Colleague: 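Attaching a single structure in structure tokens format; questions to follow.
Sequence lines set the chain letters: A, B, ... in the order given, protein chains first and strands last, and positions in each chain run from 1. As a basis for the values below, the full set of heavy atoms in this structure was taken, side chains included, without hydrogen atoms, waters or symmetry mates. Model, not experiment: these values are computed from the prediction.
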Amino acid sequence: MPKAFDPQAVEAGWYARWEADRLFVADPASDREKFALAFPPPNITGELHMGHALQTAVYDLLARYRRMTGYEVLFLPGYDHAAIATQNVIEKQLAREGATKEELGREKFDARVNAWYEQVGATIINQLRLLGASMDWTRLRFTMDSRYYRSVMTAFVVFYEKGWIYRAPRIVNWCPHDRSAISDLEVEWREHQDTLYFIRYPVKGGGEVTIATVRPETMLADTGVAVNPSDPRYRDLVGHTAILPLVGRELPIVADEAVEKDFGTGALKVTPGHDALDYEIGQRHGLEIIDSMNLDGSMHVPGLPYDGMLALEARNKIVDELKAQDLIVKEEPYVHQVGHCDRCGFVIEPLISEQWWLRMEEMRDKALAASQAGEVRWHPERYERTYLDWLRGLRDWNIGRQLWLGHRVPVYRCENGHQIVAVDPPSECSECGGTPLTQDPDVLDTWFSSALWPYATLGWPDETEDLEAFYPTDINCTAREIINLWVSRMIMTGLEFMGEVPFADIAIHCIVQAADGRRMSKSLGTGIDPRDLISKYGADALRAWATSVAMSSQDVRFDESRVEGYRRFCNKLWNATRLVLSSPGYETAATPGTFEAREHLEDRWILSRLSAAARDITDGIEGFTFQDSINAAYGFTWNEFCDWYLEAVKERLRDGDVAAQDVAHFCLDNLFRLLHPFMPFVTEELWSRLPGDRDYLMRTEWPTQLGRFLDPGAEEEFQDVMTIVEEVRGHRQNSGAPPRGGQIHLEGGVSHTVANLAARLAHLELVHTLDKGTPLAAADGKVSFPAGARDAKRDKEIKKLESDLARIQAKLANSNFVSKAPQEVVDETQQRADALEAAITRLKLE
RNA sequence: GGGCGGCUAGCUCAGCUGGGAGAGCGCCAGCUUGACAUGCUGGAGGUCGGGGGUUCGAAACCCUCGCCGCCCACCA
């Protein structure tokens, strides 16, 4: 067995073996209880980043844990076509080549996209394998594969037949770059420093009204002026008509509650064609809608000199002309939020467009009712509110996109104007039999298809065996930024189509930031490729780190040294195993179990500690506090099993002591099981090196029967041992004594077992009389302290203990404390005081 | 504008329902200790963001202020 743990060498073979033996493949016909995870399909826009690695580690931990606890587990992988995002990726590639998708043409563009899907899909799968994700590859899904496509079409048709899908012109968020509408959730708000212009609009019949705007170019499409009805400044103007400068259009002056009296001048220019609020005001007052913008964001004002200009260009020219006419009252610097397309970054232009809409009321209400009924549990709980608040304010969803990439809307029209909505493309018009039919050019919002993920991947709308066995799935774990975009929509459509929430538990994991606190991103150069970390520290180390931070209440800054720490942890496990394996005769010690005798204190102690660790690790997983699991496993392994137990039994192991072998073996065996979900590779490897004929660790049982080893008496006694050993080491160090040698004197109260073990661990000779020799040591005043070892550090320690004691005694002297605090707290405090007094006495002894 | 999270050792973070301030890394000192120098031993380092309050007792609960971050939102 190599002296050092080498992740590369260990990891290489296991994944292939697990997979070849079909350990990841779920059986819907199994008698076992089912546990299903539909892995959030990564966008097929590029390679997986740290966030994906973290998420994968969490999912796989749950999958492996559930397999070991007896469930039939389905861990279903896949990826998402991510229409708008992928289209942007390809367009950027084309731009670098000096081309555009229009030049390329639709067919070649599609071919290019498919090639990209193949390439990136393969990379993603490879990364997931490197991470050790125990996914059922026989069920790999893609949101654009033919079966999934059919699910999406079916959902559309069902919604349509319910009357929930309709087409209507409305103000939408228009991305001039993508030439598509996007939903409110895809708008990213960024702070802009702009200028607020105060512009004078003359009023017909005399007077004027001054409005404030940051977008003077939109005035070309103004069709009204609005003021608040309760604003005394403008009361007399309501009902009058303003004249639009530069254009001459007559603008009715209306009163509307939506106008803020305190903003600007309190008078608002109304541009129903290019502002959401103005649109609503316009609707209420029957104002005309004028469209002054082309779909590429340029001005569409035929007959005016601004026609065809870019918005900003037009703005400058308009401001110049208004100034020339002395219509600008003033300009103020103004900081505000401006919407951008979250995929391409272009400034969003609100404009009127005819779009496909999905009514959400009924689905929203069902989702709210499900939460009310406790069918959805959030971890941490606070995210439930984020979700519910958003749901309550939900409006109709714009599901149409004017992109090249995505699921085409299944709506067809014949030459006679009939409209057919069908899952499969009809060959002729169902009303007049006419041909040819043309399909609606729109595609669906990529989130429309993602919303079906938990059941479309299982075969819906067909009543498949998988759907029957594995729906609902059990847990969804994602970043909070897609709670509204994705999680909420899965819940709504899941309730609608399947009648049940798609998962009962939702865990929100943290976001990994770069070490300096910035966002991890490729473009900023702050991203880290998980594969680099895997090759440096191993997948196990990366996973252990990921699960240790995943459920953090705040986002975490990436700290590479922590990943490195977990690699060292793997090495520690490795070497602990090596030590045990080197015990003579151990190879043939096939049947553990003789430790039941448990005559040694250290054996009883470590089994008790193992039992506690198993409990803490299990509780952490069940309670979505994975960091507690990792910490318990780490602490047990390093600070208890290695630092104390193995040190205590080294000689016994060297002598081939069967009880020591059995106990050590039992600890390792259970520890590997307990760590397997977190660090699957190294644990599987070490497990395979233990003697005996072994099946895969991956499919052994989770330890659940260790409670019987809890042994408070042994823990207390061993605590005495540790205290003595630590005191001896401390004083040795302070007095410059060599690390070994010297004697320990046994006094009255100390059990022979404790003294003996302490002597062994501290490398002392145990003697039974006080007058023999000079050194040493200690515990609870039961062992005398030798003369001649007094030093400055000891004085300092005495001082510290004395001040601690003074504080505690003051507490005990407080009658309020004694009378009001619970008796056990008072008792405990008294015990601490006694212990401190004893320690001081001991240290002062000469 | 509303909501949420964070502020704990030099750094990255734990501290759950209030009762002795923790870990990893880093730092200092000492160790070729028959598993591991990816190691071992000892140690330094914190008025738990500031200020009030509740309590016998507060890092934890309440109020308030200050920064940092996120989400939501139709004030042009």
Side-chain angles (χ1 to χ4, degrees), chain A residues 1 3-5 171 184-185 189 196 211-215 218 226 258-271 275-281 334 336-337 350 380 382-383 385-386 389-390 393 480-481 483-484 510-511 513 515 517 537 545 548-549 552-562 564-582 623 625 627-628 631 634-635 639 642-643 646-647 650 653-654 726 729-734 736 738-740 763 793 804 807-808 811 814-822 824-826 828-829 832 836:
Chain A
M1 189 170 174
K3 189 172 165 183
F5 163 62
I171 193 123
D184 292 345
L185 286 173
W189 295 89
L196 186 61
I211 57 85
T213 180
V214 283
R215 303 180 64 205
T218 63
V259 180
E260 296 288 331
K261 284 183 283 189
D262 300 333
F263 187 87
T265 61
L268 169 70
K269 70 191 237 348
V270 184
T271 321
D275 185 277
L277 176 66
D278 292 12
Y279 176 79
E280 286 173 21
I281 294 174
Y334 185 58
H336 65 140
Q337 301 287 315
R382 67 186 130 92
Y383 288 110
R385 197 169 140 188
T386 307
D389 283 352
W390 182 79
R480 59 176 175 270
E481 61 188 0
I483 289 174
N484 298 331
C510 73
I511 290 165
Q513 299 171 333
Y537 306 110
W545 165 77
S548 79
V549 301
S552 172
S553 62
Q554 61 177 329
D555 292 339
V556 294
R557 296 183 174 203
F558 181 65
D559 183 358
E560 191 166 334
S561 72
R562 286 185 63 181
E564 192 184 351
Y566 286 112
R567 184 194 56 176
R568 289 210 291 262
F569 178 57
C570 291
N571 188 60
K572 192 72 178 172
L573 259 188
W574 182 270
N575 276 290
T577 307
R578 209 155 67 91
L579 172 66
V580 176
L581 285 173
S582 71
T625 51
Q627 66 280 5
D628 293 346
N631 290 341
Y634 188 100
N639 306 123
C642 292
D643 287 353
L646 289 183
E647 290 303 327
K650 258 180 184 171
L653 286 174
R654 216 152 35 221
E726 278 165 359
R729 283 173 183 162
H731 294 303
R732 220 176 225 158
Q733 197 107 5
N734 292 344
R740 290 166 173 265
H763 305 291
K793 288 202 173 178
D804 284 356
R807 216 179 56 234
I808 290 172
K811 204 170 179 180
N814 181 344
S815 60
N816 274 325
F817 172 68
V818 179
S819 62
K820 294 188 181 174
E824 54 189 55
V825 173
V826 177
E828 201 184 297
T829 309
R832 271 173 48 217
L836 280 169

Colleague: Report yes or no: is there a donor-acceptor pair, N or O only, under 3.5 Å between the side chain of A:R562 and the base of B:G24?
Modeller: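 A donor-acceptor contact between them is absent.
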
Colleague: Any base atoms under 4.0 Å from A:V556, or only sugar-phosphate, or nothing? Heavy atoms, all strands.
Modeller: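 Sugar-phosphate: the residue A:V556, judged by heavy atoms under 4.0 Å, touches backbone atoms but no base.
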
Colleague: Taking the C1' atom of each, how far is B:G46 from B:G10, in whole Å?
Modeller: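 So the two C1' atoms sit 11 Å from each other.
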
Colleague: For B:C40, give its Watson-Crick or G-U wobble partner with both distances under 3.5 Å, or none.
Modeller: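 Its partner is B:G30.
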
Colleague: Using a 4.0 Å heavy-atom cut-off, does A:C570 contact any base of the nucleic acid, only the sugar-phosphate backbone, or nothing at all?
Modeller: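 No contact.
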
Colleague: Rounding to a whole Å, what distance do you find between A:L579:CG and B:G39:C1'?
Modeller: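 About 13 Å, once rounded to whole Å.
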
Colleague: Please give the distance between the C1' atoms of B:G30 and B:A44 as a whole number of Å.
Modeller: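 Per the computed distance, 15 Å lies between those C1' atoms.
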
Colleague: Scan A:E828 against the nucleic acid and name what it touches under 4.0 Å (heavy atoms): base, sugar-phosphate only, or nothing.
Modeller: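 Nothing, no nucleic acid heavy atom in range.
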
Colleague: Over how many whole Å does the gap from A:I511 atom CD1 to B:C71 atom C1' extend?
Modeller: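 A:I511 atom CD1 is separated from B:C71 atom C1' by 10 Å.
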
Colleague: Please determine if A:E828 and A:R832 form a salt bridge, counting it only when a charged side-chain N lies under 4.0 Å from a carboxylate O.
Modeller: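 So A:E828 does not pair with A:R832 through a salt bridge.
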
Colleague: Where the side chain of A:Q554 is concerned, which of B:C70, B:A76, B:G6 is the nearest nucleotide?
Modeller: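 Selected nucleotide (nearest to the side chain): B:G6.
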
Colleague: So what does A:D628 touch, heavy atoms closer than 4.0 Å: a base, only the sugar-phosphate, or nothing?
Modeller: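 Result for A:D628 = nothing.
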
Colleague: Could you tell me the separation between the CZ atom of A:R557 and the C1' atom of B:C7, rounded to a whole number of Å?
Modeller: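 Atom CZ in A:R557 sits about 11 Å away from atom C1' in B:C7.
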
Colleague: Write down the distance separating the P atoms in B:C61 and B:C4, rounded off to the nearest Å.
Modeller: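 The same atom, P, in both gives a distance of 14 Å.
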
Colleague: Distance only, no hydrogens: is a donor on one side chain within 3.5 Å (strictly under) of an acceptor on the other, for A:R568 and A:N571?
Modeller: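 On atom types as modelled, these side chains do not qualify, holding no pair under 3.5 Å.
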
Colleague: Out of curiosity, A:K572 NZ to A:D643 CG, how far, rounded to the nearest 0.5 Å?
Modeller: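 With rounding to 0.5 Å, NZ (A:K572) is 6.0 Å from CG (A:D643).
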
Colleague: Nearest nucleotide by nearest heavy atom, which residue falls closer to the 5' end of RNA chain B, A:F263 or A:A515?
Modeller: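 In this pair, the answer is A:A515.
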
Colleague: Given the P atoms of B:G24 and B:U41, what is the spacing between them in whole Å?
Modeller: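 Comparing P positions in B:G24 and B:U41 gives a spacing of 11 Å.
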
Colleague: Between B:A76, B:U38, B:C74, which one does the side chain of A:R567 approach most closely?
Modeller: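 Nearest to the side chain of A:R567 among the choices is B:U38.
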
Colleague: Starting at CZ of A:F817 and ending at C1' of B:G20, how long is that distance when rounded to a whole Å?
Modeller: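 Nearest whole value for this atom pair: 11 Å.
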
Colleague: Looking at B:C36, does its base get a donor-acceptor pair with the side chain of A:K3 below 3.5 Å?
Modeller: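 Check fails, no donor-acceptor contact within cut-off.
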
Colleague: Roughly how far, to the nearest 0.5 Å, is the OG atom of A:S548 from the CG atom of A:D628?
Modeller: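 Between A:D628 CG and A:S548 OG, I get 11.0 Å after rounding to 0.5 Å.
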
Colleague: Does B:A58 have a Watson-Crick or wobble mate here (both distances under 3.5 Å), and if so which one?
Modeller: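 WC or wobble partner does not exist here.
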
Colleague: Using purine N1 to pyrimidine N3 plus N6-O4 or O6-N4 for Watson-Crick, or N1-O2 and O6-N3 for G-U wobble, both under 3.5 Å, which nucleotide pairs with B:G69?
Modeller: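 Pairing partner, where one exists within any strand: B:C4.
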
Colleague: In whole angstroms, how far is the C1' atom of B:G20 from the CD atom of A:E824?
Modeller: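 Checked: the CD to C1' distance equals 15 Å.
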
Colleague: Can you tell me, in whole Å, how much space there is between the C1' of B:G43 and that of B:G34?
Modeller: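 It works out to 28 Å between them.
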
Colleague: Under 4.0 angstrom, heavy atoms only, what part of the nucleic acid is A:Y334 near: base, sugar-phosphate, or nothing?
Modeller: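 Sugar-phosphate, backbone atoms only, no base.
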
Colleague: Specify the separation, in whole Å, of atom CG of A:D184 and atom C1' of B:A73.
Modeller: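 From A:D184 CG to B:A73 C1': 10 Å.
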
Colleague: Using a 4.0 Å heavy-atom cut-off across all strands, classify A:P350 as base, sugar-phosphate, or nothing.
Modeller: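 Nothing, no nucleic acid heavy atom in range.
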
Colleague: Looking only at side-chain atoms of A:S552, point me to the closest of B:C13, B:A35, B:A73.
Modeller: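 Minimum distance to the A:S552 side chain belongs to B:C13.
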
Colleague: Of the nucleotides B:C40, B:G39, B:A76, which has the atom closest to the A:R568 side chain?
Modeller: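 Between B:C40, B:G39, B:A76, the one nearest the side chain of A:R568 would be B:G39.
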
Colleague: Taking B:U8 as the reference, what is the distance to B:G51 when you measure between their P atoms (whole Å, please)?
Modeller: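 Here B:G51 and B:U8 have their P atoms 15 Å from each other.
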
Colleague: Return no unless some side-chain N or O of A:K269 is found under 4.0 Å from OP1 or OP2 of B:C75.
Modeller: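 No, outside the criterion.
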
Colleague: Taking the side chain as C-beta and beyond, is there a heavy-atom pair between A:L268 and A:D278 under 4.5 Å?
Modeller: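 A side-chain contact under 4.5 Å exists here.
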
Colleague: Which part of the nucleic acid, if any, lies within contact of A:N814, taking any heavy atom under 4.0 Å across all strands shown: a base, the sugar-phosphate backbone alone, or nothing?
Modeller: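 Touches sugar-phosphate only.
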
Colleague: For A:R385, which contact category applies under a 4.0 Å heavy-atom criterion: base, sugar-phosphate, or nothing?
Modeller: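 Answer is sugar-phosphate: A:R385 comes under 4.0 Å of backbone atoms only.
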
Colleague: With heavy atoms under 4.0 Å as the rule, sort A:L185 into base, sugar-phosphate or nothing.
Modeller: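 The answer is sugar-phosphate, as A:L185 gets under 4.0 Å only of primed atoms, P, OP1 or OP2.
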
Colleague: Could you let me know what B:C25 is paired to, Watson-Crick or G-U wobble, both distances under 3.5 Å, or none if it's on its own?
Modeller: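 Checking every strand shown, B:C25 finds its partner in B:G10, with both distances under 3.5 Å.
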
Colleague: Taking 4.0 Å as the cut-off, does a side-chain nitrogen or oxygen of A:K572 come that near to OP1 or OP2 on B:A35?
Modeller: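 False: A:K572 side-chain N/O out of range (4.0 Å or more) of B:A35 OP1/OP2.
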
Colleague: NA contact type, A:R382, heavy-atom cut-off 4.0 Å: base, sugar-phosphate, or nothing?
Modeller: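 Result for A:R382 = sugar-phosphate.
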
Colleague: Can you tell me the pairing partner of B:U47 across any strand shown, Watson-Crick or G-U wobble, with both distances under 3.5 angstrom?
Modeller: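 Across any shown strand, B:U47 pairs with none.
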
Colleague: Answer with base, sugar-phosphate or nothing: what part of the nucleic acid does A:A212 contact at a heavy-atom distance below 4.0 Å?
Modeller: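 Base contact.
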
Colleague: Please measure how far the C1' atom in B:C25 lies from the corresponding atom in B:C63, and state the result in whole Å.
Modeller: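 38 Å, rounded to whole Å.
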
Colleague: Just the rounded figure in Å: distance from C1' of B:C75 to CD1 of A:I211.
Modeller: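 The distance from CD1 of A:I211 to C1' of B:C75 comes to 14 Å, rounded to the nearest Å.
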
Colleague: A:N484 near the nucleic acid: base, sugar-phosphate alone, or nothing, with a heavy-atom cut-off under 4.0 Å?
Modeller: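 Sugar-phosphate contact only - A:N484 comes under 4.0 Å of backbone atoms but never of a base.
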
Colleague: Across the strands shown, which category fits A:D643 at heavy-atom distances under 4.0 angstrom: base, sugar-phosphate, nothing?
Modeller: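 Sugar-phosphate only.
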
Colleague: Let's see if you can work this out: which of B:G42, B:C36, B:A14 has an atom nearest to the side-chain heavy atoms of A:R578?
Modeller: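 Taking heavy atoms from C-beta onward, the closest nucleotide is B:C36.
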
Colleague: Report the C-alpha separation of A:F558 and A:W545 in whole Å, then their side-chain angles, then the decisive distance to 0.1 Å, and conclude whether the ring pair (Phe, Tyr, Trp, His ring centres under 6.0 Å) test is met.
Modeller: CA-CA 10 Å; A:F558 181 65; A:W545 165 77; 5.2 Å; yes

Colleague: Whether A:K269 and A:D275 form a salt bridge (side-chain N of Lys/Arg under 4.0 Å from carboxylate O of Asp/Glu) is what I want to check.
Modeller: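 Not counted as a salt bridge, because no side-chain N and carboxylate O are separated by less than 4.0 Å.
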
Colleague: With distance as the sole criterion, do the side chain of A:E647 and the base of B:A35 form a donor-acceptor contact below 3.5 Å?
Modeller: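 Yes, a donor-acceptor pair under 3.5 Å.
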
Colleague: Atom OG1 of A:T577 and atom CE of A:M1: how far apart are they, to the nearest 0.5 Å?
Modeller: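 Result: 5.5 Å between the selected atoms.
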
Colleague: Consider the side chain of A:T386, meaning its heavy atoms from C-beta on, and name the nucleotide among B:G39, B:U12, B:C71 that approaches it most closely.
Modeller: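 Selected nucleotide: B:C71.
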
Colleague: Starting the side chain at C-beta, find the nucleotide from B:A76, B:U41, B:G5 nearest to A:R729.
Modeller: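 From the listed options, B:U41 comes nearest.
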
